[in-house]
*Asks:* 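Right, I'll just put the structure down here and ask away after.
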Amino acid sequence: QVTLVESGGGTVQAGGSLRLSCEVSGFHYGSYSLGWFRQIPGKEREWVACFSTSNQRTYYSPSVKGRFAFSQDGGQTMPLLQMSDLGPEDTAMYYCAAERLRGCSGGSHPGAYNHWGRGTQVTVSS
């Protein structure tokens, strides 16, 4: 059984930073791609970023490129999403998703993933 648990959300002022993590169990590291999406009420789920654990490649949506980045601390096998220079437009519920994809091929589409976490709220005040 594959489970995903997000953490790291919270409330920050504009210009601040947060770091999100997604604990994945049921997939061996190196076999899955990790996607991050965000959603505000009444809107479609928006793709944010994708990390391929097989080839370590990263992909970002234009709206966050240059501000968000994946990192791995030391020997950890849990890629972290570092979010910097946050603005009110980044306020949303953030979800991680995992699936066996070829790299991150197709990973910007929610339908590519069968496994999702429950989300963590990020709120940015102006």
Side-chain angles (χ1 to χ4, degrees):
Q1 182 179 358
V2 178
T3 59
L4 290 79
V5 179
E6 303 96 338
S7 60
T11 300
V12 295
Q13 290 188 331
S17 301
L18 285 172
R19 188 168 66 177
L20 302 184
S21 63
C22 178
E23 185 173 354
V24 179
S25 59
F27 272 143
H28 292 295
Y29 185 86
S31 71
Y32 66 91
S33 295
L34 181 71
W36 279 98
F37 293 78
R38 63 188 182 186
Q39 189 171 24
I40 59 177
K43 298 286 188 178
E44 291 187 353
R45 197 161 288 191
E46 175 193 8
W47 173 67
V48 174
C50 184
F51 178 92
S52 170
T53 63
S54 63
N55 60 20
Q56 311 294 299
R57 290 185 178 176
T58 58
Y59 304 84
Y60 303 95
S61 75
S63 62
V64 306
K65 194 170 185 177
R67 300 188 298 121
F68 291 14
F70 284 105
S71 66
Q72 288 179 271
D73 292 338
Q76 288 189 3
T77 57
M78 183 170 62
L80 307 171
L81 184 64
Q82 180 70 43
M83 307 188 298
S84 304
D85 192 21
L86 288 163
E89 67 278 10
D90 296 312
T91 294
M93 183 71 79
Y94 283 70
Y95 299 89
C96 64
E99 192 54 74
R100 290 191 179 94
L101 303 176
R102 178 172 293 183
C104 278
S105 179
S108 63
H109 301 284
Y113 301 87
N114 288 311
H115 310 284
W116 291 83
R118 293 189 174 187
T120 185
Q121 178 68 36
V122 171
T123 302
V124 184
S125 59
S126 57

*Asks:* Mark yes or no for whether E6, through its side chain, and R118, through its backbone, hold a donor-acceptor pair below 3.5 Å.
*Replies:*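 Yes; judged by distance alone, with no hydrogens or angles, the pair exists.
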*Asks:* How many angstroms lie between CG in L4 and OG in S25, if you round to the nearest 0.5 Å?
*Replies:*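 Taking CG in L4 and OG in S25, the distance rounds to 7.0 Å.
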*Asks:* Taking all atoms of both residues into account, what is the closest heavy-atom pair of Y29 and P79, and its distance?
*Replies:*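 Between these two residues, the closest heavy atoms are CE1-CD, 4.2 Å.
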*Asks:* Check the pair H115, Y32 against ring pair (Phe, Tyr, Trp, His ring centres under 6.0 Å), reporting the backbone distance first and the verdict last.
*Replies:* CA-CA 11 Å; H115 310 284; Y32 66 91; 9.9 Å; no
*Asks:* Between F51 and F70, does the ring centre distance come in under 6.0 Å?
*Replies:*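 Aromatic pair counts; centres sit under 6.0 Å.
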*Asks:* Which heavy atom in R67 sits nearest to a heavy atom in L86, and how many Å separate them?
*Replies:*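 That closest heavy-atom pairing would be NH1-CA, 3.9 Å.
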*Asks:* With heavy-atom distances below 4.5 Å as the criterion, would you say the side chains of S63 and E46 are in contact?
*Replies:*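 Yes - at least one pair of side-chain heavy atoms lies under 4.5 Å apart.
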*Asks:* Please name the pair of heavy atoms, one in Y113 and one in C50, separated by the smallest distance, quoted to 0.1 Å.
*Replies:*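 Looking at all heavy atoms of both residues, the shortest contact is OH-SG, 3.7 Å.
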*Asks:* Got V5 and C22 here, is their nearest side-chain heavy-atom distance under 4.5 Å?
*Replies:*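 Heavy-atom side-chain distance check fails, nothing below 4.5 Å.
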*Asks:* Is it the case that the ring center of W116 lies less than 6.0 angstrom away from the ring center of F37?
*Replies:*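 So the answer is yes for these two rings.
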*Asks:* Using every non-hydrogen atom in the two residues, find where S7 and S21 come nearest and quote the distance to one decimal.
*Replies:*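 Nearest heavy atoms, S7 then S21: OG-OG, 2.6 Å.
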*Asks:* Check whether any side-chain heavy atom of Q82 sits under 4.5 Å from a side-chain heavy atom of S17, and report yes or no.
*Replies:*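 Touching, per the 4.5 Å side-chain cut-off.
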*Asks:* Would you tabulate the side-chain donor-acceptor contacts of residues 91-101 under 3.5 Å, counting partners in other chains and residues two or more places apart, or write 'none'?
*Replies:*
from: T91; atom 1: OG1; to: P88; atom 2: O; distance (Å): 3.1
from: T91; atom 1: OG1; to: V124; atom 2: N; distance (Å): 2.9
from: T91; atom 1: OG1; to: V124; atom 2: O; distance (Å): 3.4
from: Y94; atom 1: OH; to: R38; atom 2: NH1; distance (Å): 2.9
from: Y94; atom 1: OH; to: D90; atom 2: O; distance (Å): 2.7
from: E99; atom 1: OE1; to: N114; atom 2: N; distance (Å): 2.9
from: E99; atom 1: OE1; to: N114; atom 2: ND2; distance (Å): 3.1

*Asks:* Sub-3.5 Å donor-acceptor pair from the side chain of T53 to the main-chain atoms of G30, do we have one?
*Replies:*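 Side chain of T53 to backbone of G30: a pair is present.
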*Asks:* Would you say the side chain of M78 lies within less than 4.5 Å of the side chain of V24, judging by non-hydrogen atoms?
*Replies:*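 No, every pair of side-chain atoms sits at 4.5 Å or beyond.
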*Asks:* Y60 and A49: which non-hydrogen atoms are nearest, and at how many Å?
*Replies:*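 Nearest heavy atoms, Y60 then A49: CD2-CB, 3.6 Å.
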